[in-house]
Amino acid sequence: MRHVVLELFTLYVFINAVRSLDNGLALKPTMGWLHWERFMCNIDCNTDPNNCISENLYMQMADVMVSAGWKEVGYEYVCIDDCWPSHQRDDKGRLQADPKRFPRGIKKLADYVHSKGLKLGIYADLGTETCGGFPGSLGYYDIDAQTFADWGVDLLKFDGCYMKLTLLGEGYTNMSIALNKTGRGIVYSCEWPLYEWPLHQPDYSAIRKACNHWRNSEDVFDSWNSVKTILEWTADHQDIIVPVAGPGGWNDPDMLVIGNFGLSHDQQESQMALWAIMAAPLLMSNDLRDICPRSKELLQNKRIIAINQDPIGKQGYRTAKVNNFEVWEKPLSGGRLALAVMNKYEIGGPRGFPVTLATLPSWKICTPQCNVTQVLPSYKELGVQTLFTKLIVAINPSGTALLTVTPIKGDNNIQWQLWNDRSNKNSHKSVL
Ligand code: GLA
């Protein structure tokens with residue numbers, strides 16, 4: 001029985017893998033840094049030279065990504081967002097970087113980033129203009145894809161402003177084909193579903209075939225309200241979006257804003273825990289040159305990163321709402337499970353969440369026993385547990401407890417049975 005289950009599971013992973021964009025990239029959620037939320041469209045290098053969108057910003061981020069341990073834990077892509085180009089294409093119709101702010105051009109910047117062992121991301125738009133009013137790529141997909149490949153770009157974030165909504169699918173697919181034609185491995189980050197939702201439910205299997213990740217919901221802001229809204233949107237649409245995620249193609253809930261101004265430390269822990277559970281791309285938008293040590297420690301927490309990067313690449317889902325707690329679960333390799341319990345109260349002090357079969361149906365994997373590790377709010381080995389032990393975790397208002405649960409094999413093979421149940425894409429429907 002066990003090997004039949006394993007074979008079926010392998011087949012399922014294989015079928016999912018062949019259905020994704022066939023560029024061999026993003027087999028795990030992309031990790032890196034993206035300028036938008038923190039630096040936006042600041043092009044005023046005269047009065048704000050340290051924070052304006054210029055080659056210096058990306059070179060400095062690349063330097064610090066290596067020197068301060070970011071690269072070592074997996075952050076790899078240094079990504080340019082909007083407002084980098086000149087308002088004019090060159091005489092061959094190619095995009096060019098703003099000559100004042102990028103005097104050495106993007107190719108030299110890519111060489112610099114590569115010399116640090118990192119990768120470079122860039123931004124463009126499938127319509128007539130970028131959202132910030134710079135030249136769009138409509139009518140230039142092949143030229144722009146080739147230009148990015150010639151420069152040595154490793155990721156393209158392709159926005160959807162100023163485009164006829166009915167042509168979104170065609171545009172995103174054509175750019176995917178154009179990128180593939182260049183022969184360079186370029187991670188393709190789309191905003192296709194975000195722009196398509198107001199029209200109709202997007203075709204996620206087409207999106208997964210064209211893109212390596214895709215934004216579904218609105219732009220993240222530096223606030224708890226924004227993070228909560230994205231989580232709520234994700235949970236509300238999980239039946240549609242969770243089953244499509246997997247190696248090669250991921251739902252993108254937008255940037256991590258940890259290390260900025262708007263989130264308390266507990267809220268930063270919640271964003272990190274939930275982005276790990278959602279198998280989200282971990283693209284930080286903050287100032288790595290000046291970041292508080294606690295935020296840095298959180299973003300570099302290897303146990304949380306390992307949950308996000310787990311090789312089976314399953315996105316987690318919200319499985320319960322109990323007494324103003326939310327429970328989210330992500331299946332991990334080896335039949336393990338990651339659990340995030342968020343305290344939704346924004347009043348009072350820490351509240352205890354009792355981990356029982358009633359509050360947490362997948363606690364069944366603790367039959368006959370399991371090993372529990374608390375990853376957040378602090379690392380703690382909680383030891384061997386059974387179905388009936390009384391485990392209570394304390395969680396601060398708007399904070400999250402993140403646990404991993406490892407079943408200890410018994411005679412009755414129940415964990416394999418449950419593993420099989422959880423691999424069924426509809427299993428999350430039963431609990432809410
Ligand atoms: C849109 C995107 C953002 C950012 C801006 C840039 O709003 O969703 O992530 O790229 O455009 O103008």
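Positions are given from 1, in the same order as the sequence printed here. Counting starts at 1 for both ligands and their atoms, following the listed order.
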From Val220, Asp81, Asp254 - option closest to atom 4 (C) of ligand 1 by heavy atom = Asp81
CA sep, side-chain torsions, deciding dist, call: Asp254, Arg215, salt bridge (Lys or Arg N to Asp or Glu O under 4.0 Å) = CA-CA 7 Å; Asp254 211 3; Arg215 285 270 310 282; 3.5 Å; yes
Report the part of Asp159 (side chain from C-beta onward, or backbone N, CA, C, O) that has a heavy atom under 4.0 Å from ligand 1; answer both or neither where that applies.
-> side chain
Side-chain touch Val227/Trp275, heavy atoms, less than 4.5 angstrom = yes
Flag for Asn251-Tyr204: side-chain donor and acceptor within less than 3.5 Å = no
Within-shell test, Asp219 vs ligand 1, heavy atom, strictly < 4.0 Å | yes
State if Arg215 counts as touching ligand 1 under the rule of any non-hydrogen atom under 4.0 Å.
-> yes
If the cut-off is 4.0 Å to any non-hydrogen atom of [X], which atoms of ligand 1 fall inside it?
X	result
Glu191	2 (C), 8 (O), 9 (O)
Gly132	12 (O)
Cys131	1 (C), 11 (O), 12 (O)
Lys157	3 (C), 4 (C), 9 (O), 10 (O)

Close aromatic pair by centroid cut-off 6.0 Å: Trp197 and His237 | yes
Near-ring test Phe39/Tyr58, centroid separation under 6.0 angstrom = no
With a cut-off of 6.0 Å (strictly less than), are more than 12 heavy atoms of other residues, nucleotides or ligands near CD of Glu232?
-> yes
Mark yes or no: Arg351 above the aromatic ring of Tyr345, with NZ or CZ under 6.0 Å from the six-membered ring centre and no more than 45 degrees from the axis.
-> no
Give the residue and atom name of whichever protein heavy atom lies nearest to atom 5 (C) of ligand 1, and the separation in Å to one decimal.
-> Trp36 CE2, 3.7 Å
For Asp82 and ligand 1, does the shortest N/O to N/O distance drop below 3.5 Å?
-> yes
